[in-house]
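For reference, the structure discussed in these notes is given below.
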Amino acid sequence: MDLSLYNTLTRKKEIFQPITPCHVGMYVCGPTVSGESHLGHARPYITFDLLYRLLTHSGYKVRYVRNITDAGHFEEEGREAEDKISSKAILEKLEPMELVTKYTNLFHWAMRQFNNIDPSIEPTATGHIVEQIEMVKKILAEGYAYEVNGSVYFDLRKYATDFAKVSPYGKLSGRILDEMLETTRDLDGQDEKRNKADFALWKKAPAEHIMRWPSPWGDGFPGWHIECSAMSRKYLGDEFDIHGGGMDLQFPHHESEMAQSSVCHGGKIMARYWVHNNMITINGKKMGKSYNNVIKLTELFSGDHPLLDQPYNPMTIRFFVLQSHYRSTLDFGNEGLQSAEKGLERLMRAVERIDKLPESLISTFEVFKFRDKCWEAILDDLNSPILISHLFDAVKAINSIAEGTLKITSEDKKLLKETVDTFVFDILGLKMAAGGNNADRDRLNQLVSMMVQLRTEAKARKDYATSDQIRNQLAGMGIMLKDTKEGCEWEISD
RNA sequence: GGUCAGUUGGCCGAGUGGCUAGGUCCCGGUCUGCAAAACCGGUUACGGCGGUUCGAGUCCGCCACUGACCUCCA
């Protein structure tokens with residue numbers, strides 16, 4: 001079966017076909033490490049982790065490149081151009097690289113919490129200054145950029161005219177060039193530009209600017225868009241398969257990347273499939289610094305934020321994100337997160353039950369059909385919510401088999417286990433909550449087992465006072481006992 | 001102001017021209033010493049007004065509202 005993906009460039013779902021059979025090149029715009037990651041950052045990286053896992057599981061050899069933006073971002077406030085990293089470094093009294101390392105480490109920690117698989121290559125902007133300068137030189141040589149006072153700007157009007165047929169500017173974000181040329185707000189260096197919408201490829205560094213590199217045009221730093229063009233080209237080539245990122249990057253970032261790359265690659269469009277995830281909202285508004293409604297990931301995990309009723313496990317957040325389609329907005333809320341928490345718990349409990357299910361000579365649950373439905377869902381433009389709804393059908397079936405109202409053969413049970421493991425763990429990337437080291441865990445289990453044994457004996461002699469006391473006290477420690485037909489089961493919550 | 005997207009049940013969130021999405025919550029039942037879990041059943045829905053159609057949340061038009069992008073952004 002084929003994977004279909006919604007391509008922002010064509011505005012429709014397309015069957016995914018890699019440029020080189022069995023190989024996929026995927027570039028995803030990574031974070032700017034000038035601050036702590038927030039809930040909004042969770043979405044793209046979980047979404048593209050899902051895509052990466054799906055492609056890998058489907059047998060593709062995937063090169064997944066995700067950059068770290070550690071230089072070159074401007075903070076434009078109508079005044080002077082500032083480098084986001086260096087301005088934050090001054091604020092935190094850190095060396096720029098110290099700051100970058102701090103937030104990069106935090107970002108990596110958060111990605112691990114979410115069980116996101118590391119990208120194949122994680123290039124940094126500061127590590128690719130040479131490549132960026134080379135690219136700017138190439139664009140200058142081609143005649144699509146001009147230098148003014150040590151800064152280099154992209155000549156948008158010339159590009160738009162010459163490349164109208166091959167790679168029209170505005171196609172990706174669906175806007176009209178003439179309007180853009182007029183409506184762009186006043187930015188720094190506006191007087192240097194031939195057209196208001198021209199964007200910087202290289203900026204001259206003012207004297208007080210800390211992060212600066214020598215270039216043919218004097219000391220300066222790269223423009224925002226050039227890093228992704230240069231790094232994707234270096235590791236994935238002139239033309240690669242998938243370019244991903246948040247919807248808010250469509251314009252101007254991706255549009256400009258495309259233009260720069262097209263100039264350098266003889267009009268070739270840098271990527272075939274452009275995949276964009278939608279935003280996480282909070283009370284209906286996009287989560288972002290400028291809206292003052294940011295919940296940092298550390299706050300989410302600790303529950304330490306006025307908007308949070310409780311701490312949330314990273315897996316709960318992953319599940320919450322996967323329960324919505326990546327192209328829809330997802331509204332944050334305690335109720336939604338709590339229902340995701342409960343649902344995930346139920347799903348995981350059922351997954352754990354599969355091995356213990358009684359086997360019969362016949363099956364009354366159609367495992368093949370279930371498996372096919374799961375594939376159909378996820379291959380249809382990553383429809384994880386539908387996939388999850390099918391998984392809950394399986395949850396119901398698993399519980400019914402345990403109850404004895406449904407039956408399954410040992411062969412089907414194996415397939416069921418295999419299918420559930422594939423989708424829950426390999427593709428959705430969920431994992432069981434586990435705390436403590438193994439030795440501690442073993443000891444704890446033995447201890448609980450002993451208490452349960454004592455309680456079972458108390459129950460047998462109808463000493464309910466003792467049995468309830470054991471159950472209640474264990475409950476107080478977060479150990480829940482459940483009497484089932486097969487005996488007493490327990491669960492340790494972390 | 002321009003461009004685009006959305007408006008689904010208490011909450012989150014899919015889908016789609018005709019059959020229960022799913023989760024969570026709430027109510028009733030089964031099981032159980034009780035509880036929990038599980039299972040069974042039930043309740044609440046497609047922004048408004050017109051149109052197309054045998055049939056529309058689903059297609060078309062208008063209106064209302066919300067949001068995103070147009071500026072750093074995931």
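Throughout, protein chains are lettered first and strands after them, A, B, ... in sequence-line order, and every chain is numbered starting at 1.
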- [ ] Classify the angle between the aromatic ring planes of A:H254 and A:H243 as parallel (below 30°), tilted (30 to 60°) or perpendicular (above 60°).
- [x] perpendicular
- [ ] Have a look at A:K396 and say if it touches a base, only the backbone sugar-phosphate, or nothing, with a 4.0 Å heavy-atom cut-off.
- [x] sugar-phosphate
TODO: Indicate, with a heavy-atom threshold strictly under 4.0 Å, whether A:H38 touches base, sugar-phosphate, or nothing.
DONE: base
Open item on the list: Just the rounded figure in Å: distance from C1' of B:rG33 to CG of A:D468.
Closed with: 8 Å
Open item on the list: Here's one to test your reading of the geometry: is the NZ or CZ of A:R66 within 45 degrees of the ring axis of A:F48 and under 6.0 Å from its centre?
Closed with: no
- [ ] For A:G174, report the nucleic acid contact type (base, sugar-phosphate, nothing); a contact means any heavy atom under 4.0 Å.
- [x] sugar-phosphate
TODO: Salt-bridge test for A:R471 and A:D468: reply yes if a basic N is under 4.0 Å from a carboxylate O, no otherwise.
DONE: yes
Task: Verdict with reasoning, A:F240 to A:M270, per side-chain contact (heavy atoms from CB on, under 4.5 Å) - done: CA-CA 6 Å; A:F240 55 92; A:M270 68 192 295; 4.1 Å; yes
Task: Interatomic distance, A:D331 CG vs B:rC11 P [rounded to whole Å] - done: 11 Å
TODO: Provide the closest heavy-atom pair for A:Q132 versus A:I226 in the form atom of the first, atom of the second, distance.
DONE: OE1-CG2, 3.1 Å
Task: Nucleotide of B:rG33, B:rC11, B:rA74 approaching A:E335 most closely (side-chain heavy atoms) - done: B:rC11
Open item on the list: When both hydrogen-bonding distances must be under 3.5 Å and the geometry is Watson-Crick or G-U wobble, what is B:rU32 paired with, if anything?
Closed with: none
- [ ] Mind checking A:R461 for me? I need base, sugar-phosphate or nothing, with any heavy atom below 4.0 Å counting as a touch.
- [x] nothing
Task: Integer-rounded Å distance: B:rU3 C1' and A:R175 CZ - done: 7 Å
Open item on the list: Which nucleotide wins on minimum distance to the side chain of A:D248, given the candidates B:rG22, B:rC70, B:rA74?
Closed with: B:rA74
Open item on the list: Using a 4.0 Å heavy-atom cut-off to protein, can you give one letter per nucleotide of nucleotides 25-32 of chain B, 5' to 3': B if the base is in contact, S if only the sugar-phosphate is, - if neither?
Closed with: S-------
Task: Per A:K482 side chain, nearest of listed nucleotides B:rA36, B:rG23, B:rC70 - done: B:rA36
Open item on the list: Between B:rU16 and B:rC59, how many Å separate the two P atoms, rounded to a whole number?
Closed with: 9 Å
TODO: Considering just the side-chain nitrogens and oxygens of A:K286, establish if one lies under 4.0 Å of OP1 or OP2 belonging to B:rA68.
DONE: no
- [ ] Compute the ring centroids of A:Y6 and A:H325, then answer whether they are less than 6.0 Å apart.
- [x] no
TODO: Tell which nucleotide pairs with B:rU3, taking only Watson-Crick or G-U wobble pairs whose two distances are both under 3.5 angstrom.
DONE: B:rA68
Open item on the list: Taking pairing as Watson-Crick or G-U wobble with both contacts under 3.5 Å, can you name the mate of B:rG17, or confirm there isn't one?
Closed with: none
- [ ] Output yes when at least one side-chain N/O atom of A:R346 is less than 4.0 Å from OP1 or OP2 of B:rC39, else no.
- [x] yes
- [ ] Send over the distance from A:I280 CD1 to B:rA68 P, rounded to a whole Å.
- [x] 14 Å
Task: Atom-pair distance (CH2 on A:W274; C1' on B:rA74), nearest Å - done: 15 Å
- [ ] Starting at atom CZ of A:R349, determine the distance to atom P of B:rA37, rounded to an integer number of angstrom.
- [x] 8 Å
- [ ] Give none if B:rG47 has no partner; otherwise give the nucleotide forming a Watson-Crick or G-U wobble pair with it, both distances under 3.5 Å.
- [x] B:rC63
- [ ] Decide whether A:D381 and A:Y326 meet the rule of one side-chain donor and one side-chain acceptor closer than 3.5 Å.
- [x] yes
Open item on the list: With a 6.0 Å cut-off on the ring centroids, do A:F332 and A:Y312 count as close?
Closed with: no
Open item on the list: Nearest whole Å is fine: how far is B:rC11 C1' from A:L307 CG?
Closed with: 16 Å
TODO: Measure up the A:H253 and A:H225 rings against each other and bin them: parallel (under 30°), tilted (30 to 60°), perpendicular (over 60°).
DONE: tilted
- [ ] Figure out the CG/C1' separation between A:L330 and B:rA74, and round it to whole Å.
- [x] 13 Å
When you compare the protein's N or O atoms with those of nucleotides 14-16 of chain B, which come within less than 3.5 Å of each other, and at what distance?
unit_1, atom_1, unit_2, atom_2, d
B:rA14, OP1, A:H325, N, 2.7
B:rA14, OP1, A:S328, OG, 3.0
B:rG15, OP1, A:N383, ND2, 3.4

Open item on the list: Distance check, P atoms only: B:rG61 and B:rC4, in whole angstrom units.
Closed with: 13 Å
TODO: Considering only atom C1', compute the distance from B:rG57 to B:rG13 and round it to an integer number of Å.
DONE: 15 Å
- [ ] Answer with base, sugar-phosphate or nothing: what part of the nucleic acid does A:Y291 contact at a heavy-atom distance below 4.0 Å?
- [x] sugar-phosphate
- [ ] Provide the Watson-Crick or G-U wobble partner of B:rG57, both distances under 3.5 Å; none if there is no partner.
- [x] none
Task: side-chain N/O A:N277 vs B:rA74 OP1/OP2, d < 4.0 Å - done: no
Task: Closest-nucleotide ordering on RNA chain B, the 5'-leading residue of A:G284 and A:F332 - done: A:F332
- [ ] For B:rA56 versus B:rC19, give the span between their P atoms, rounded off to a whole number of Å.
- [x] 11 Å
Task: Which residue lies more 5' along RNA chain B, comparing A:F392 with A:L481 via nearest heavy atoms - done: A:F392
Could you pull out all donor-acceptor pairs under 3.5 Å where a side-chain atom in residues 343-355 of chain A meets a protein atom, sequence neighbours excluded?
unit_1, atom_1, unit_2, atom_2, d
A:R349, NH1, A:E491, OE1, 3.2
A:R349, NH1, A:E491, OE2, 3.2
A:R353, NH1, A:N399, OD1, 2.7

- [ ] Take atom NZ of A:K413 as the centre, draw a 6.0 Å sphere, and report whether it contains more than 12 heavy atoms from other residues, nucleotides or ligands.
- [x] yes
TODO: Would you confirm whether the ring centroid of A:F114 sits within less than 6.0 angstrom of the ring centroid of A:Y45?
DONE: no
Open item on the list: Within the 4.0 Å heavy-atom criterion, would you say A:F320 contacts the bases, only the backbone, or no part of the nucleic acid?
Closed with: sugar-phosphate
- [ ] Classify the nucleic acid contact of A:M287 as base, sugar-phosphate or nothing, counting any heavy atom under 4.0 Å across all strands shown.
- [x] base
TODO: May I ask you to say what A:M480 touches in the nucleic acid, namely base, sugar-phosphate or nothing, with a heavy-atom cut-off under 4.0 Å?
DONE: nothing
